[in-house]
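Keep in mind the model is a prediction, meaning the values are calculated, not measured. Each ligand, and each atom within it, is numbered from 1 in the order the structure gives.
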Amino acid sequence: MTIIATQSLTKTYGGGVTALSELTVDVEAGVIGLVGANGAGKSTFIKIMLGLTAPTSGDVRVFGLDPVTETDQVRARVGYMPENDCLPPDVSAAEFVTHLGRLSGLPKTAARERASEALRHVGLYEERYRQIGGYSTGMKQRVKLAQALVHDPDLLLLDEPTNGLDPAGRDAMLSLVHRIGNEFGISVVVCSHLLGEVERICDSLIAIEAGRLLRADRISAMTGASDVLAVEVSEGTDELAEALTQLQLTVTREGRLLLVPLTAQSDYDAILRAVAELDLPLHRLDQRRHRVAELFTAKETADV
Ligand SMILES: Nc1ncnc2c1ncn2[C@@H]1O[C@H](COP(=O)(O)OP(=O)(O)OP(=O)(O)O)[C@@H](O)[C@H]1O
């Protein structure tokens with residue numbers, strides 16, 4: 001199911017900065033990584049989806065709705081976790097999240113119940129009556145996540161949810177986002193300038209650079225198309241490389257390894273046969289899956 005669709009989406013801010021340029025993308029339900037270096041246009045994309053800023057030209061639909069003209073309907077179905085710290089220090093998480101639930105239109109009791117539930121989901125149930133000012137950065141990030149969940153949205157837009165967290169905090173936040181996406185059946189767009197980070201928890205990826213679409217696809221399609229066989233023989237590496245090249249296979253050396261892109265299942269058998277014919281001691285033959293980050297050029301991932 002398509003949840004977000006854009007057509008030639010362009011945003012130029014006053015002063016002539018083009019934050020998004022002719023962005024056309026169809027986003028399927030799931031956990032989606034929106035990646036790009038700082039300034040690539042991620043926050044602008046999110047703000048357009050929420051109806052917080054209007055596109056200069058082009059079209060955007062969220063659940064088939066236009067965020068410019070159908071803002072309330074879009075916001076009823078979308079939860080937003082902003083990038084920056086926006087929490088009042090002198091109220092408790094329970095009060096704050098309840099208040100935002102009320103602003104979303106929930107009656108008082110329902111807002112209180114939903115706030116407790118959302119705070120439980122993010123692991124803050126026990127601490128919910130403490131003032132936010134005394135929370136750690138990780139806890140504050142989780143309060144921001146809880147307020148995005150309070151009105152039971154179908155889609156979460158998370159702007160750099162791991163910002164300011166140490167490695168353990170990042171891992172915990174990413175696991176939480178993954179769990180929310182998978183266990184609650186909510187779609188999640190996770191913005192990050194760290195490709196390697198979101199790749200682990202996402203079903204698909206939208207990569208943008210300087211406001212332009214670099215790539216959008218399912219992670220499995222990005223990595224699946226690029227499987228390689230890694231072959232290592234204890235001796236005779238040169239001979240084997242020569243034999244495989246003669247079989248029209250593309251061979252690259254990586255230390256003692258020979259890497260052969262897997263284009264057909266018969267490649268696997270061909271390598272085994274070549275090793276046997278040369279009577280070489282096979283040390284290993286395994287299939288490697290590229291990490292998504294390896295699929296982008298150094299320039300594309302500069303700062304990622
Ligand atoms: N309100 C604004 N007025 C003028 N320029 C803006 C405004 N908001 C963003 N920009 C510019 O638009 C470009 C894209 O910014 P945006 O915040 O969307 O990128 P980003 O990928 O979210 O980066 P970051 O992670 O640093 O927030 C940047 O060059 C930024 O300086």
May I ask you to list the atoms of ligand 1 that are less than 4.0 angstrom from any heavy atom of [X]?
{"X": "Glu160", "answer": "25 (O)"}
{"X": "Ala37", "answer": "21 (O)"}
{"X": "Glu83", "answer": "27 (O)"}
{"X": "Ala40", "answer": "19 (O), 20 (P), 21 (O)"}

Nearest-neighbour protein heavy atom for [atom], which is reported as residue plus atom name and distance:
{"atom": "atom 9 (C) of ligand 1", "value": "Tyr13 CE1, 3.3 Å"}
{"atom": "atom 17 (O) of ligand 1", "value": "Ser43 CB, 3.6 Å"}
{"atom": "atom 15 (O) of ligand 1", "value": "Thr44 OG1, 3.9 Å"}
{"atom": "atom 23 (O) of ligand 1", "value": "Gly39 N, 2.7 Å"}
{"atom": "atom 19 (O) of ligand 1", "value": "Gly41 N, 3.1 Å"}

Counting distance only, does the side-chain N/O of [X] pair as donor-acceptor with the main-chain N or O of [Y] below 3.5 Å?
{"X": "Thr10", "Y": "Glu22", "answer": "yes"}
{"X": "Gln147", "Y": "Tyr80", "answer": "yes"}
{"X": "His151", "Y": "Arg75", "answer": "yes"}

When hydrophobic residues are tied together by side-chain contacts of less than 4.5 Å, even through go-betweens, does Leu272 share a cluster with Val251?
->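 As far as the 4.5 Å side-chain criterion goes, Val251 and Leu272 are connected within one cluster.
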Hey, is Cys191 touching ligand 1 through its side chain, its backbone, both or neither, going by heavy atoms under 4.0 Å?
->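 Near ligand 1, Cys191 shows nothing, with every heavy atom at 4.0 Å or more.
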Which one holds for Val17 and ligand 1: side chain close, backbone close, both close, or neither close, with close meaning a heavy atom under 4.0 Å?
->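 The answer is the side chain of Val17.
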